[in-house]
Amino acid sequence: MLNLRDFTETELEALVREAGQPAYRAGQLFKWAQSGARSFDSMTDIPKNLRAFLSERYTVTPPVELKKQVARDGTRKYLWGLSDGNCIETVLMEYKHGYSVCVSTQAGCRMGCVFCASTKGGFVRNLTPGEILEQVLYAGLDAGVRVSNIVLMGTGEPLDNLDAVLKFIQLVHNEKGLGIGERHISLSTSGLVDRIYELEKQALQITLSISLHAPNNTLRSQIMPVNRRWPVEELLAACRSYTEKTHRRISYEYALIRGFNDTDACARELVSLLRGQLAHVNLIRLNEIAESPLRPSTTETTQRFCNILNKSGVTATVRRRLGFDIDASCGQLRRKFELNGGM
Ligand code: SAH
């Protein structure tokens, strides 16, 4: 069965025509699907024969909530079961400016970053646009809030599933659905340089985040295999090109790992790499995961690193760790679930 939420309104028009129905039904259907309808029967203004036609070919059944955790700071983490038995995780966070949902774009991941739990079980499959969208939709419905921001920073490499991600951005933008604009969407990548150029061609207004985590190739290649294919110089050239084209500031993610990438020398090297660029550095103390011996830097070292950047004209902030008590980061919930064969 095809997921009705994978279809744009225009695609739905073709679909209702095929069923011998007028095009305006597509708008109604899109609204129902995107507002969270769980069955065709609940779509009361759709004629019964069209509902029957659709229910034989398509589904609007949401993912199953396998587990939900609510942290002391209000962060909610969901583990969803998909129709084929795979599971994915989603996080809903509350910020001063509203609610933000962090979505997964793949089941598993093939990037192999040594510090990341999401990649430890390997790559399983790409998510469809509708499966990415349902994470935003059902997290918002569950919490009873309007989601205003989306970060593509859950499990998976969004640029490794670019077509689905682009369609998701288009779907979520439609006012008949969630109506979330490009400027409220951030996409994080480990640095697939060829895809950054492809994304640039789309001229979107989304925020691009780069998982940099090291200021040179020697260090970066040790923790991120992608760096052996696309080294730091090529990555930064793609970023410069991206900002020239879109005039959007790029965010650089930098997880501070004790004794590895947190020295003053590393901070200065990072400054020379980024100075003069339209950039912002997000520093985060590494989240410890079971499968890796890497440890977070101390809060003092983190602050010191941050100060060096700011004093040298590279804007940097230390990111709060939300949902720390519920494994809300980096694929840890899904990983535990997999290892335990369910909870
Ligand atoms: N594949 C994409 C998006 C998913 S990861 C990417 O690599 O950007 C989202 C962010 O969490 C990335 O910046 C990633 O490097 C970071 N991350 C993964 N594991 C982490 C950990 N243990 N501690 C801190 N940050 C981590």
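Just so you know, ligand 1 is whichever comes first in the structure, and atom 1 is the first atom listed for that ligand.
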| query | Just which atoms of ligand 1 are under 4.0 Å from any heavy atom in Gly156? | reply | 1 (N), 2 (C), 3 (C), 4 (C)
| query | Which of the atoms in ligand 1, numbered in the order shown and given with their element, are less than 4.0 Å from a heavy-atom of Cys116? | reply | 18 (C), 19 (N)
| said: As a check for students: among Ala255, Ser211, Ala117, Gly191, identify the option with a heavy atom nearest to atom 10 (C) of ligand 1. | reply: Ser211
| query | How about Phe7 and Tyr58: are their ring centroids closer than 6.0 Å? | reply | yes
| note | Filtering Met153, Glu253, His213 for the heavy atom nearest atom 16 (C) of ligand 1 leaves His213
| query | Where does Thr189 meet ligand 1, judged by heavy-atom distances below 4.0 Å: at the side chain, the backbone, both, or neither? | reply | backbone
| task | Please confirm whether Met111 comes under 4.0 Å of ligand 1, counting heavy atoms of the residue only. | result | no
| message | Using a 3.5 Å distance criterion without hydrogens, assess whether the side chain of Gln135 forms a donor-acceptor pair with backbone atoms of Ser104. | response | yes
| Arg5 and its side-chain contact (heavy atoms from CB on, under 4.5 Å) partner, picked from Thr128, Val60, Leu171 | Val60
| task | For the pair Arg319 (side chain) and Ile284 (backbone), establish whether a donor and an acceptor sit closer than 3.5 Å, ignoring hydrogens and angles. | result | no
| task | May I ask you to check whether Tyr254 and Phe305 place their ring centers less than 6.0 Å from one another? | result | yes
| query | Would a line drawn from the ring center of His213 to the ring center of Phe115 be shorter than 6.0 Å? | reply | yes
| Per-atom contacts of ligand 1 with Ser190, taking only distances under 4.0 Å to non-hydrogen atoms | 6 (C), 7 (O), 8 (O)
| note | Nearest non-hydrogen contact to atom 4 (C) of ligand 1 from the set Cys113, Ser188, Gly154 belongs to Gly154
